[in-house]
Amino acid sequence: MTPFTPPTQDQLLAIKVNAGIGELSQSERFAAAEPDMVEAIVEGVGAFATGEFAPLNRIGDLEGAKLENGVVRLPDGFEAAYQQYVEQGWNAIASPEEFGGQGLPFTLACNVIENLGAANMAFTLLPMLSVGAIEAIEHHGSDAQKSKYMPKLVSGEWSGTMNLTEPQAGSDVGALRATATPIEDGEHAGKYLIQGQKIYITWGEHDLSKNIVHLVLARLPGAPEGSRGISLFLVPKYHVGEDGSLGARNDVRCVSIEHKLGINASPTCVMSYGDNGQCIGELIGAENRGLAAMFTMMNNARINVGSQGVQIAERALQQALYYASDRVQSARAGAPDRTPVAISEHPDVRRMLLRMKSLTEAMRALLYYTTGQVDRGTLGDTAAGARGDVLVPMIKAWGTDTGIDVTSIGIQIHGGMGFVEETGAAQHYRDARIAPIYEGTNGIQAADLVTRKLGLENGEVYAALMADIARDAAEEPALFALAGDCAAIATWMRDEASLDDKLAGSVPFCTMSAVAVAGWQMLLQKRAVEGGEAPSLAAVKPVTTRYFLDHVVPEAAGLKAAATAGSALLYELTAEQLAG
């Protein structure tokens, strides 16, 4: 596997142009995000990721996580790298200052995750889940819970998980069976006995952090059926004293870890709570409001999962570029000199490389545009916050789907060497495949866009987004037309289409929308570079932007027929006929 080089200059450009970090730093809350600080963070975490996380990527894939006597162990080097991550403060970038965080924009925390994930996607799932736990406790925990748990979670000394899925309850979270029984007396009076099993718990057990704080969805006695009767509970691996000291082991254990297609260094655990009837948990937020609390955690997690598409695409791109420049084969077609050249000189390989690069940069532009809107929402800009909500399913769904596309092209460039494990190209493709499933499948993201997000403010939030794109793309016919098509489809879905018709066209519509926004943000990057920003990208950015606008945008426009076809054809066959 080729070494990792952080794409620092393109990240800084996206943070400046798409997230608008300069404007964010004008606020009192984010005043510390000055240019020198931003550059120090982006360059610093890039160097850290290169030196500490990247060297463990291949060994993590080959050796993986192993369950031994109830303890999940990682290959040599993981514990030391994680301790360096904690000691250098990378976990604390955007967390509240009162709990030891730096209080910087979410945008910069996302950059930390992007760099770490490009270096080692499986390993980075550990801090990524902890960030989500911090969000949930910050917004829904009591003052006592915050003071007890937040400082160690913010530092990274403790890690966090989210526990939703059960064997019988996948995306239908309301079907869960885990229970929480109130404790009336004794030392744990006021807390709850948790009992049940959860599956697919990322980093649910490991020996890298000193404690693991599990956030677990469960049902109280007499709670309403379905999702309306779900509560959220905090269940630590080790009990925590009032002074923050660790006590005895809680009644929670890892039953097994999954054997997966990829991300082998990320332990995906089956967790059992209360085997001995002694699993103690604390209620987070109000009774029967657990799903709302969990979604606080999940919204930003969906953005970071979208970032995984960027991460793995970047790593695959770098490997493909190295291989294509090193692999010499055949003379270039039509060249008078018949000397064999590097395959990067052949037109179709050049096309694939440019496509990988353009898609990766466009995903990054959309990612940071989304984080910038989220940060503005945090500052009280309700319009930006609503726009951020609309963008979340786009970056999560299109970003992760495109991550697979880019890693697949990377294998193609390697030819037969890409299909064997020796080069490491296959690992990127295998690792990428989980991201469209994480945090609500991409079909669920598209459904969220057409059923919930299109209706925000009677459709005005989405309409204003497309109007902004059309205004700035007046001289780009393909992008201008795509924005118009998206706006027209949105109106049809909102005012005329049946629910089945909306859902049938949701995935192509989500893709069209994401490509429109990404193309717009790439166009803004190109104009900024032509105006003197990021001189090192002056030759590259206009070309990658041109490719996206001239090739990818027209492809997305071709999805209009699928987005508006309706659902009738999907049900022409009965389930029995479809099965053959």
Side-chain angles (χ1 to χ4, degrees), residues 11-12 14-16 18-46 48-49 85-117 124-141 146 149-160 162 213 296-308 310-311 364 367-381 384-385 388-389 391-392 395:
Q11 290 173 341
L12 285 170
I15 289 170
K16 291 175 184 177
N18 307 123
I21 197 75
E23 180 182 312
L24 293 173
S25 69
Q26 298 304 306
S27 68
E28 181 178 354
R29 176 164 179 169
F30 295 142
E34 296 179 343
D36 288 348
M37 173 67 82
V38 172
E39 290 187 17
I41 288 172
V42 176
E43 292 174 358
V45 75
F48 174 80
Y85 169 79
V86 173
E87 289 173 13
Q88 293 188 25
W90 295 115
N91 203 68
I93 293 291
S95 295
E97 293 179 83
E98 63 185 299
F99 300 114
Q102 298 182 41
L104 290 165
F106 174 60
T107 291
L108 296 178
C110 282
N111 181 255
V112 170
I113 294 295
E114 187 204 335
N115 274 293
L116 295 176
T124 304
L125 285 161
L126 172 57
M128 196 177 101
L129 267 293
S130 296
V131 168
I134 291 167
E135 286 274 327
I137 296 172
E138 179 189 355
H139 287 90
H140 301 282
K146 291 176 187 178
Y149 293 101
M150 287 283 284
K152 297 294 179 65
L153 282 169
V154 166
S155 72
E157 185 177 340
W158 297 352
S159 62
M162 65 167 75
V213 178
T296 299
M297 181 180 185
M298 190 175 287
N299 201 46
N300 285 0
R302 284 175 169 171
I303 296 173
N304 277 324
V305 171
S307 169
Q308 290 183 312
V310 185
Q311 297 161 22
R364 183 175 292 121
L367 171 66
Y368 288 106
Y369 181 58
T370 303
T371 65
Q373 297 304 299
V374 170
D375 279 325
R376 285 166 177 76
T378 300
L379 295 174
D381 185 338
D389 286 342
L391 293 170
V392 167
I395 182 58

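What you see is a predicted model, and the numbers here were worked out from it, not measured in a lab. Basis for what follows: all heavy atoms, side chains included, without hydrogens, waters or symmetry-related copies.
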* For the student: nearest non-hydrogen atoms of Cys110 and Ile303, plus distance -> SG-CG2, 4.4 Å

* To do: Provide the closest heavy-atom pair for Gly377 versus Ala384 in the form atom of the first, atom of the second, distance.
  => N-CB, 4.3 Å

* To do: Not counting sequence neighbours, list each pair that qualifies as a side chain to side chain donor-acceptor pair (under 3.5 Å) and has a residue in residues 89-100.
  => Tyr85-Asn91, Gln88-Trp90

* If every non-hydrogen atom of Ser159 is compared with every non-hydrogen atom of Ser130, which pair is closest and at what distance? -> CA-OG, 3.2 Å

* Could you please spell out the steps behind the side-chain contact (heavy atoms from CB on, under 4.5 Å) verdict for Ile93 and Asn111? => CA-CA 10 Å; Ile93 293 291; Asn111 181 255; over 6 Å; no

* To do: Output the distance between atom CZ (Phe30) and atom CZ (Phe106), rounded to the nearest 0.5 Å.
  => 10.5 Å

* Nearest-0.5 Å distance that lies between atom OG1 in Thr124 and atom CG in Leu129 -> 11.5 Å

* Ala94 to Pro105 - nearest heavy-atom pair and separation -> CB-O, 3.9 Å

* Residue pair Gln11, Asn115: steps toward the side-chain contact (heavy atoms from CB on, under 4.5 Å) verdict -> CA-CA 9 Å; Gln11 290 173 341; Asn115 274 293; 3.2 Å; yes

* Quick one: CD on Glu43 to CD1 on Ile41, what's the gap to the nearest 0.5 Å? -> 11.0 Å

* **Student check: side-chain heavy atoms of Val131 and Asn300 closer than 4.5 Å** => no

* Inter-residue atom distance Met37.CE - Ile21.CD1, 0.5 Å rounding -> 11.0 Å

* Just wondering, do Leu104 and Val38 contact through their side chains at under 4.5 Å, heavy atoms? -> no

* Asked: Donor-acceptor pair, Asn304 side chain versus Ile113 backbone, under 3.5 Å?
  -> no

* Is the side chain of His140 donor-acceptor paired with the backbone N or O of Ala136 at a distance under 3.5 Å, no angle test? -> no

* Interatomic spacing from CD1 in Ile395 to CZ in Arg302 - rounded to 0.5 Å -> 13.5 Å

* **Partner residues of Glu34 under the salt bridge (charged side-chain N to carboxylate O under 4.0 Å, His left out) criterion, sequence neighbours left out** => none

* Atom CD in Glu23, atom CG in Asp375: separation rounded to 0.5 Å? -> 11.0 Å

* Asked: Taking Arg376 for the side chain and Ala19 for the main chain, is one N or O donor matched with an acceptor at less than 3.5 Å?
  -> yes

* Structure fact -> Heavy-atom nearest pair, Lys146 first then Ile137, reads CE-O, 3.5 Å

* Given side-chain contact (heavy atoms from CB on, under 4.5 Å), test Leu367 with Asn18 step by step and report yes or no. => CA-CA 9 Å; Leu367 171 66; Asn18 307 123; over 6 Å; no

* **Heavy-atom pair with the smallest gap, counting every atom of Val86 and Gly156** => CG2-O, 3.5 Å

* Run the side-chain contact (heavy atoms from CB on, under 4.5 Å) check on Met128 and Leu125 step by step: do they pass? -> CA-CA 5 Å; Met128 196 177 101; Leu125 285 161; 3.9 Å; yes

* Residue pairs involving residues 104-116 (criterion salt bridge (Lys or Arg N to Asp or Glu O under 4.0 Å); sequence neighbours excluded) -> Glu114-Arg364

* Asked: Counting only N and O atoms by type, is there a donor-acceptor contact under 3.5 Å from the side chain of Thr378 to the main-chain atoms of Val374?
  -> yes

